[in-house]
Amino acid sequence: MAILEICCYGVDCALAAAQAGADRLELCAAPQEGGITPSLGTLREVRSQVHIPVHPIVRPRSGDFCYSEQEFKVMLSDIAQIRDMGFPGVVTGILCPEGLLDKARMQKVMTVAKGMAVTFHRAFDLCSNPYRTYQELEELGVARVLTSGQQQSAEAGISLLQALNALGHGPIIMAGAGVRLSNLPKFLDAGIQEVHSSASRQVPSAMRYCKAGVSMCSDKLADEYLRTEVDPDVVEAMQTLIRLQGDSLPAPLADYHPGRLDYLSGLTGN
């Protein structure tokens, strides 16, 4: 049965996703930045309150995955902190300027992360040679690769996901980027073992007074009175769909009761 990992951007999201039935969480900060390392306070609270596996991301900034020496030192320190706090896994990735895997630095990451499952994140989608990178990640002992198949969405990149998955060895291929309830059956039918989704919704700020014309964000079009959070109904529906397929393989999803599928399809998520 496929594993459902939910991307969470805070303690409230992590609790909601866990209670809704997620198998595992990726913990990040700053959704607008694509996810960066969460704060120490967030790590502490999630570690104490969430009782399913949580893998924090270690990414010191947004943008590319080629880091300075100081940024790399910060990453190793963060990984050591996450390890010492007892998290079972960590999510990270480093490339060299030529777009290949930075093997020397990733070997240091693996040493510091000893005892944890390491997920190589979507830096994989920016590498210049996915098959070579995948082989090198296998040699390093990386547990899984979070990837969209080097496309803007995992649905568009499903052919590469299937090809890597069909190798039958190496890190687990986890589909991520635009995985939602409406297209989840495509990944399940393709034999993808793990899927990653934000299962998110936009919720309004609790502020009753909203100051017009002043922004705290460099993106002047961003609405700072909207917040991204996990939608627990979508998480529950995705998990239900996974279990339905897992319980009745090899029957296609189209064979399930139309009313149940209509209900599931009525919920949306990212």
Side-chain angles (χ1 to χ4, degrees), residues 2-5 7 23-28 34-37 53-61 63-67 71-76 78-80 82-83 87-154 156-177 179 187 190-197:
I3 297 296
L4 176 62
E5 178 179 276
C7 181
D23 295 305
R24 185 176 61 239
L25 307 181
E26 179 193 66
L27 184 62
C28 311
I36 60 174
T37 310
V54 177
H55 293 183
I57 195 171
V58 171
R59 185 184 179 209
R61 56 163 171 78
D64 63 49
F65 302 100
C66 182
Y67 298 111
E71 288 172 330
F72 182 56
K73 288 179 181 179
V74 169
M75 293 174 72
L76 293 181
D78 286 338
I79 292 168
I82 288 166
R83 178 201 63 208
F87 285 96
V90 67
V91 182
T92 195
I94 308 172
L95 299 177
C96 64
E98 294 74 28
L100 297 173
L101 181 70
D102 191 328
K103 291 189 292 183
R105 284 181 166 182
M106 278 303 299
Q107 183 60 69
K108 292 180 180 178
V109 165
M110 298 303 294
T111 299
V112 174
K114 185 176 181 180
M116 292 192 293
V118 174
T119 298
F120 193 86
H121 57 38
R122 292 191 61 215
F124 186 85
D125 294 321
L126 299 185
C127 77
S128 57
N129 189 327
Y131 288 98
R132 172 178 168 176
T133 298
Y134 185 76
Q135 180 180 348
E136 291 172 344
L137 291 172
E138 178 182 9
E139 293 167 357
L140 285 168
V142 166
R144 64 182 50 78
V145 176
L146 170 61
T147 173
S148 63
Q150 295 213 309
Q151 300 297 319
Q152 189 63 28
S153 72
I158 199 166
S159 59
L160 179 58
L161 298 179
Q162 287 180 289
L164 292 170
N165 197 48
L167 294 175
H169 57 83
I172 295 166
I173 293 298
M174 178 164 59
V179 176
F187 300 100
I192 302 302
Q193 300 174 58
E194 300 192 359
V195 290
H196 170 100
S197 177

Does Glu194 form a salt bridge (charged side-chain N to carboxylate O under 4.0 Å, His left out) with Arg24? I'd like the steps, not just the answer.
CA-CA 10 Å; Glu194 300 192 359; Arg24 185 176 61 239; 2.7 Å; yes
I'd like to know if the side chain of [X] reaches the main chain of [Y], judged simply by a donor and an acceptor atom lying under 3.5 Å from each other, with no hydrogens or angles considered.
{"X": "Arg59", "Y": "Gly63", "result": "yes"}
{"X": "Asp23", "Y": "Ile3", "result": "no"}
{"X": "Thr119", "Y": "Arg144", "result": "no"}

Would you name the heavy atoms of [X] and [Y] that are closest together and state the gap between them?
{"X": "Met75", "Y": "Gly93", "value": "CE-O, 4.3 Å"}
{"X": "Cys7", "Y": "Glu26", "value": "SG-OE1, 3.3 Å"}
{"X": "Ala163", "Y": "Tyr131", "value": "CB-OH, 3.4 Å"}
{"X": "Gln151", "Y": "Gly157", "value": "CG-CA, 3.5 Å"}
{"X": "Ala154", "Y": "Thr147", "value": "CB-O, 4.4 Å"}
{"X": "Cys66", "Y": "Glu71", "value": "O-OE1, 4.4 Å"}

Any heavy-atom pair between the side chains of [Y] and [X] that's under 4.5 Å?
{"X": "Val112", "Y": "Arg83", "result": "yes"}
{"X": "Phe187", "Y": "Ile158", "result": "yes"}
{"X": "Gln107", "Y": "Met110", "result": "yes"}
{"X": "Phe124", "Y": "Leu164", "result": "yes"}
{"X": "Arg61", "Y": "Asp64", "result": "yes"}
{"X": "Glu98", "Y": "Ser128", "result": "no"}
{"X": "Val91", "Y": "Val58", "result": "no"}

Can you confirm whether more than 12 heavy atoms, excluding those of Gln152, are under 6.0 Å from its CD atom?
no
Measure from NZ or CZ of Arg105 to the centre of the six-membered ring of Phe72, then state whether that distance is under 6.0 Å and the direction lies within 45° of the axis.
yes
To the nearest 0.5 Å, tell me how far [X] [atom1] sits from [Y] [atom2].
{"X": "Leu95", "Y": "Phe120", "atom1": "CG", "atom2": "CZ", "answer": "5.0 Å"}
{"X": "Thr111", "Y": "Met106", "atom1": "OG1", "atom2": "CE", "answer": "10.5 Å"}
{"X": "Lys103", "Y": "Thr133", "atom1": "NZ", "atom2": "OG1", "answer": "10.0 Å"}
{"X": "Ile57", "Y": "Thr37", "atom1": "CD1", "atom2": "OG1", "answer": "7.0 Å"}

Residue pair Tyr67, Asp102: steps toward the side-chain contact (heavy atoms from CB on, under 4.5 Å) verdict
CA-CA 10 Å; Tyr67 298 111; Asp102 191 328; over 6 Å; no
Worked verdict on Leu101 versus Leu140 for side-chain contact (heavy atoms from CB on, under 4.5 Å):
CA-CA 11 Å; Leu101 181 70; Leu140 285 168; 3.8 Å; yes
Salt bridge (Lys or Arg N to Asp or Glu O under 4.0 Å) partners of residues 157-168, not counting sequence neighbours, each pair once:
none
Partner of Gln150 by side-chain contact (heavy atoms from CB on, under 4.5 Å), out of Leu161, Leu126, Leu160
Leu160
Going by the rule side chain to side chain donor-acceptor pair (under 3.5 Å), which residues pair with Arg132 if we only count those two or more places apart in sequence or in a different chain?
Glu136
Contacts table for residues 167-176: side-chain donor-acceptor under 3.5 angstrom, sequence neighbours left out:
| unit_1 | atom_1 | unit_2 | atom_2 | d |
| --- | --- | --- | --- | --- |
| His169 | ND1 | Glu138 | OE1 | 3.1 |
| His169 | ND1 | Glu138 | OE2 | 3.2 |

Applying side-chain contact (heavy atoms from CB on, under 4.5 Å), run through Gln193 and Asn165 and close with a yes or a no.
CA-CA 8 Å; Gln193 300 174 58; Asn165 197 48; 3.4 Å; yes
His121 and Phe65 aromatic ring geometry - parallel, tilted or perpendicular at 30°/60° bounds:
tilted
